[in-house]
Number of protein chains: 2
Amino acid sequence: MAEERGYAKGRARRQQILEEAVRLFGEVGYRAASLRELAQRCGLSHPGLLHHVGDKESLLLAVLAHRDAADAAETGLLAAEGADRLDALVEVVRRNASRRAIVELHCVLSAEATAPDHPAHAFFVERYARTVASLASAFPGDADPVSAARRLVALVDGLQVQWLLDPDVDMAAELRRHVAGLRGAGDARLERADGRGRD
Amino acid sequence: MAEERGYAKGRARRQQILEEAVRLFGEVGYRAASLRELAQRCGLSHPGLLHHVGDKESLLLAVLAHRDAADAAETGLLAAEGADRLDALVEVVRRNASRRAIVELHCVLSAEATAPDHPAHAFFVERYARTVASLASAFPGDADPVSAARRLVALVDGLQVQWLLDPDVDMAAELRRHVAGLRGAGDARLERADGRGRD
DNA sequence: CCTACCGATCGGTAGG
DNA sequence: CCTACCGATCGGTAGG
């Protein structure tokens, strides 16, 4: 019982550390982030923090795995509701507009990790390949589904930077217009037959 | 004469410092970049470097101004040749594929500068507003030219991240497909009447 | 342009 | 989980 409470406390502490690390890495990036600053935000000494996370690089990989798991869970929920792939993406982007820390984390770390010697470089190379390949299946009729998916991912990333710099930018609305453009350009001119014209 | 040689040497040194700073800031960002590392790459001591640049923040602003001037000069040249605005953008992106350092600088600094307290924050807020407003005039027939311009800029930014992570990504080709899609969706179906079908 | 130095901060470890 | 410490490195200045 005492041990179980001990383990539960350890898990809660680790959760707190991961969430604060998401914030800090998003604010200043991985390289410029300090373990002392993070420890202070969590209310412990910096050797205390290191006891939980091992070292700085392990913490970074844990944060990325933590975010990946949360994103997969959300995507899974939307898929379970049988939503169209592109509509699900719009919904995720719409929700991200109320989660600045998570958007910052992705923008700052993906840019920082373009450096080949960055500890998260392989992670992001693999993640983009996976995301593009997965989204390509949402364009079955397209002449080049991988290209269409790549441009969609690029658009989302670029909109996030503009939104972080200017919160008046409406990421979801911009993405919706792009998707509408793709559908409008389809062989048959279905145009506003479904969706947006209704609500 | 001796003075003129002295001034010329100073200008050449400053040019060298700015170019090495573009590389270093692109590699690790502004916050994580060290003036000692930069000084070493320029072949001088770090107080020697500070003599030329004042302090670290002034160096950053000088680097941004330096790049802005070079970009404006290139855009001006393309405009003087009477190129279509969108074709000129494709051409700039095509050329950037052989200037990794410059693409890295933009991606890394723009992401880092989304933090409101970053010394380049105001610069990027202003630059995006200016770029989007300027490009909007390339969509005179569009229902929402600012939105079309914003999505175009977002696409270019996002493609740069993917290209930095995987050099096989063809930024110019992806951008061309996007532009072709926009033209194809125009009211009249002009499609391949001009341009791309020829060369 | 240099050497020499300032106070501050870094990631990580020793030892308990 | 802590205090105390390690060697390394930071931006910037003094003084020449």
Side-chain angles (χ1 to χ4, degrees), chain A residues 2-21 23-25 27-64 108-109 112-113 115 117-120, chain B residues 2-21 23-25 27-64 108-109 112-113 115 117-120:
Chain A
E3 276 116 48
E4 264 205 279
R5 226 189 293 140
Y7 285 142
K9 216 169 110 181
R11 263 184 276 117
R13 183 62 101 175
R14 189 178 165 81
Q15 191 71 14
Q16 178 199 18
I17 290 171
L18 290 177
E19 284 166 14
E20 291 290 351
R23 281 195 194 83
L24 183 59
F25 287 160
E27 287 169 23
V28 301
Y30 168 72
R31 277 190 251 247
S34 140
L35 295 181
R36 281 172 170 85
E37 168 69 21
L38 179 59
Q40 196 181 343
R41 294 188 186 191
C42 295
L44 43 79
S45 68
H46 99 269
L49 173 70
L50 281 164
H51 166 76
H52 286 95
V53 302
D55 59 17
K56 195 184 179 186
E57 187 169 328
S58 301
L59 169 62
L60 172 64
L61 300 178
V63 166
L64 293 172
V108 171
L109 287 190
E112 199 182 26
D117 65 328
H118 192 281
Chain B
E3 276 116 47
E4 262 203 283
R5 226 188 294 140
Y7 285 141
K9 216 168 109 179
R11 264 184 276 115
R13 184 61 105 174
R14 188 177 166 79
Q15 192 72 13
Q16 178 199 18
I17 290 171
L18 290 177
E19 282 165 15
E20 291 291 351
R23 281 195 192 83
L24 183 59
F25 287 160
E27 287 170 23
V28 302
Y30 167 72
R31 278 190 250 247
S34 140
L35 295 182
R36 280 172 170 86
E37 168 69 21
L38 179 59
Q40 194 181 345
R41 294 187 185 191
C42 296
L44 42 80
S45 68
H46 99 270
L49 172 70
L50 280 165
H51 165 76
H52 285 95
V53 304
D55 60 17
K56 196 183 179 186
E57 187 169 326
S58 301
L59 170 62
L60 173 64
L61 300 179
V63 166
L64 293 172
V108 171
L109 287 190
E112 199 182 26
D117 64 328
H118 192 281

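Below, all heavy atoms of this structure are taken into account, side chains as well, without hydrogens, waters or symmetry copies. Residue numbers begin at 1 in each chain, while the letters A, B, ... track the order of the sequences.
Checked by atom type and distance alone, the side chain of Lys56(A) pairs as donor or acceptor with a backbone atom of Ala33(A) at under 3.5 Å. The backbone N or O of Ser45(B) lies less than 3.5 Å from no partner atom in the side chain of Arg36(B), so there is not a single donor-acceptor pair. His52(A) contributes a side-chain N or O that, together with a main-chain N or O of Gly48(A), makes up a donor-acceptor pair within less than 3.5 Å.
As a whole-Å value, the separation of Asp55(A) CG from dT13(C) P is 8 Å. With rounding to whole Å, Lys9(A) atom NZ is found 6 Å from dC1(D) atom P. Between the CZ atom of Arg14(A) and the P atom of dC1(D) there is a distance of 13 Å, given to the nearest Å. Distance CG (Leu59(A)) to P (dG11(C)): 11 Å, rounded to an integer number of Å. For the pair Leu24(B) CG and dC10(D) P, the computed distance is 10 Å after rounding to whole Å. Rounded to whole Å, the distance from NE2 on His51(B) to P on dG11(D) is 19 Å. Across the protein-nucleic acid pair, Leu35(A) atom CG and dA8(D) atom P stand 19 Å apart, rounded to whole Å. Rounded to an integer number of Å, the gap from Leu49(B) CG to dC10(D) C1' is 14 Å.
Of the candidate nucleotides dC1(D), dC10(D), dG11(C), dC10(D) has the atom nearest to the side chain of Arg36(B). Ranking dG12(C), dT3(D), dA14(D) by closeness to the Pro47(B) side chain, first place goes to dA14(D).
Partners of Arg31(B) under the side-chain contact (heavy atoms from CB on, under 4.5 Å) rule, at least two apart in sequence or in another chain, are Val28(A), Ala32(A), Glu112(B), Ala115(B), Asp117(B), His118(B).
Two residues, Gly54(A) and Ala32(A), neighbour DNA chain C, and the one matched to the more 5' nucleotide by heavy-atom proximity is Ala32(A). Residue order along DNA chain D, read from the 5' end via each residue's closest nucleotide, puts His52(A) first among His52(A) and Lys56(B).
Between Arg13(A) and dC1(D) there is a side-chain N or O to OP1 or OP2 distance below 4.0 Å. Checking the phosphate oxygens (OP1, OP2) of dC10(D), a side-chain nitrogen or oxygen of Ser34(B) falls inside 4.0 Å. Phosphate contact (OP1/OP2 of dC1(D), side-chain N/O of Ser45(A), threshold under 4.0 Å): absent.
Here Ala39(A) lies out of heavy-atom contact (under 4.0 Å) with every strand. Leu44(A) comes within 4.0 angstrom of the backbone, heavy atoms only, and of no base.
Partner of Tyr30(A) under the side-chain contact (heavy atoms from CB on, under 4.5 Å) criterion, out of Leu24(A), Leu60(A), Leu59(A): Leu60(A) alone.
Ion pair Glu27(A)/Arg23(A) not flagged as a salt bridge, since none of the NZ, NE, NH1 or NH2 atoms sits closer than 4.0 Å to an Asp/Glu carboxylate oxygen.
Consecutive pairing runs in DNA chain C reach the stem threshold at C:1-16 with D:1-16, where a stem means at least three Watson-Crick or G-U wobble pairs with distances under 3.5 Å.
Considering every non-hydrogen atom in both Ala39(A) and His46(A), the closest pair reads CB-CA, 3.6 Å.
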